Amino acid sequence: MTTQTTQPATMAADRELVAAARVLLQRMGVDPADLMQDPADRPRVPTFDKYIPQVEAAVSPGTAGTYGSYWKRITAKWGPRGLLDPTATEIEQFKEEIKANAVQRRNSRGGRGTAENFIAALRCLYKHAEKDGLIKPDENPAAKTAKPRRQGSTRHALSNTQMSEINFYVGATGDDPELDTLLIRLHTESACRTGGALALRPRDLNRDQCLVYLREKEGTARWQPVSRTLMTALLEHAEQRGAAEDLDGQLLRYRNGRPITDRRYNHLWDRLGRYLPWVTTLNVSAHWIRHTTLTWVERNFSFAVAHAYAGHFDEGDNKNATLTYVKATVHDVATALSALTGEPHPLAVNAAGQ
């Protein structure tokens, strides 16, 4: 009788002990499963100066370009430290430091964008560390640091008068108005990003169907309709400036055959700002032309056509069932382009729907 009474009491005490141990481990932030693993089996957590070059080599050129400057600052400040050494509080302090020292431009918003990019760069780094099995998700200090809420863009569609002024001074000033005029027309018709224009190759030009193959951010790519006038100008540009000899080389070039870079855009908008003060005040760039074209398409056709015209495809598309049914085709985009330019396009849908 004594044995039967003692055994249930002992089991109850054991359960209480296990429950207390679980509560204690939870408060300590320790996963019980971790106690079953030999610490020697876990990969050694690298330092920032050792790991950042690995991540930089693994991401796309666009991502490396966006986050590279922040990774350099992280290396300069925390280089010899391990990835798990900085606390969430230290990251928050670093964020505020970067925010306070952000370069102030005409369209600056108190360094919010810089702070947001810093946290995004850090999260990218730690996400790779998670995938590599170097840290566990609950150890990620960047995930515990709030990213500044993104504010709405200040960009908007330019008026017809503003676009006319831009086109006039682009063609009337500068050391290569032929090149600059081609750039502005390309962005106006295709609503491409700067990266998409710079990535164009001679083999990306479909002469017969008047299409250009745009390769833009996050690996997206699409065939974009352009007018016969623009296609002819692009082909002549390639022939006259030596790009036609290298089908995989860069299409857009200076007169001496050297490929242009984004610095050409910087010089272009700086020059226009000297003639058009509002360009400098608003900090207008090629992306404003993208806004202008897409706004016109949305107002005159539909959101679905503007969505396709922009080359947008994101996670939200999969969650919005309506977009699955009303998705615009390249023919719809060509129809909108034809209305925009006043030129017929081989892929445009005519009044009979053909």
Side-chain angles (χ1 to χ4, degrees), residues 65 103-108 153-202 204-205 210 212 214 216 224-244 249-297 309-310 337 340-343:
V103 176
Q104 296 299 311
R105 298 185 176 89
R106 289 182 180 274
N107 62 338
S108 294
S153 174
T154 58
R155 299 189 188 101
H156 56 75
L158 299 172
S159 67
N160 291 338
T161 299
Q162 289 173 319
M163 284 299 300
S164 296
E165 291 176 342
I166 286 174
N167 279 287
F168 174 79
Y169 284 105
V170 163
T173 63
D175 59 357
D176 196 348
E178 182 180 305
L179 170 62
D180 294 338
T181 299
L182 182 64
L183 289 177
I184 294 299
R185 175 139 194 170
L186 173 62
H187 285 280
T188 302
E189 287 197 17
S190 70
C192 67
R193 299 176 176 87
T194 300
L198 294 175
L200 275 176
R201 307 164 300 183
D204 294 332
L205 306 181
C210 289
V212 297
L214 294 176
E216 298 188 318
Q224 187 77 8
V226 296
S227 69
R228 180 70 63 184
T229 298
L230 177 55
M231 177 58 66
T232 300
L234 290 170
L235 291 168
E236 290 179 350
H237 177 88
E239 194 68 37
Q240 295 169 0
R241 305 202 175 191
Q250 187 173 322
L251 173 67
L252 298 169
R253 306 191 177 210
Y254 294 107
R255 287 198 181 98
N256 61 8
R258 183 166 51 90
I260 70 169
T261 66
D262 54 5
R263 293 186 64 185
R264 184 66 193 182
Y265 287 92
N266 295 337
H267 293 314
L268 170 61
W269 294 107
D270 285 345
R271 185 177 81 244
L272 290 175
R274 293 195 292 271
Y275 295 95
L276 302 169
W278 58 266
V279 167
T280 300
T281 301
L282 296 176
N283 199 31
V284 174
S285 64
H287 212 76
W288 284 67
I289 298 180
R290 176 175 166 85
H291 279 250
T292 303
T293 298
L294 295 178
T295 298
W296 185 91
V297 172
Y309 207 116
L337 170 75
L340 176 68
T341 62
E343 296 185 28

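Predicted model, so just to flag it, every value in this text is computed and none were measured.
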From [atom1] ([X]) to [atom2] ([Y]), nearest 0.5 Å:
| X | Y | atom1 | atom2 | answer |
| --- | --- | --- | --- | --- |
| Arg201 | Gln250 | CZ | CD | 11.5 Å |
| Leu183 | Leu268 | CG | CG | 7.0 Å |
| Arg263 | Asp270 | CZ | CG | 11.0 Å |
| Leu214 | Asp204 | CG | CG | 8.0 Å |
| Tyr169 | Leu276 | OH | CG | 6.0 Å |
| Leu200 | Cys192 | CG | SG | 7.0 Å |

For the student: nearest non-hydrogen atoms of [X] and [Y], plus distance:
| X | Y | answer |
| --- | --- | --- |
| Ala197 | Leu252 | O-CD1, 3.4 Å |
| Trp269 | Ala286 | NE1-N, 3.4 Å |
| Gly249 | Pro202 | O-CD, 3.0 Å |
| Asn256 | Arg258 | OD1-N, 2.9 Å |
| Trp278 | Gln162 | CH2-CB, 3.4 Å |
| Tyr254 | Thr261 | OH-N, 4.4 Å |

Does some side-chain heavy atom of [Y] sit less than 4.5 Å from a side-chain heavy atom of [X]?
| X | Y | answer |
| --- | --- | --- |
| Leu337 | Val297 | no |
| Thr188 | Thr293 | yes |
| Ile166 | Leu158 | yes |
| Leu251 | Leu205 | yes |
| Thr181 | Asn167 | no |

Side-chain donor-acceptor contact under 3.5 Å, Ser227 with Glu189: yes
N-O pairing of Asp180 and Arg271 below 4.0 Å: yes
Whether Trp288 and His156 hold their rings parallel, tilted or perpendicular, with breakpoints at 30° and 60°: perpendicular
If only atom types and distance count, is the side chain of Arg264 paired as donor or acceptor with the main-chain N or O of Pro259 below 3.5 Å? no
Under the criterion side-chain hydrogen bond (donor to acceptor under 3.5 Å, both in side chains), which of His287, His187, Glu216 is the partner of Arg193? Glu216
Could you go through residues 231-239 and list every donor-acceptor pair under 3.5 Å that involves a side-chain atom there, pairing it with any protein atom two or more places apart or in another chain?
residue	atom	partner	partner atom	Å
Thr232	OG1	Arg228	O	2.9
His237	NE2	Arg253	N	3.0

Within a reach of under 6.0 Å around CG of Asn160, are more than 12 heavy atoms found that belong to other residues, nucleotides or ligands? no
For the pair Ile260 and Leu179, evaluate side chain to side chain contact (heavy atoms under 4.5 Å, CB included) and give the outcome as yes or no after the intermediate values. CA-CA 10 Å; Ile260 70 169; Leu179 170 62; 3.9 Å; yes
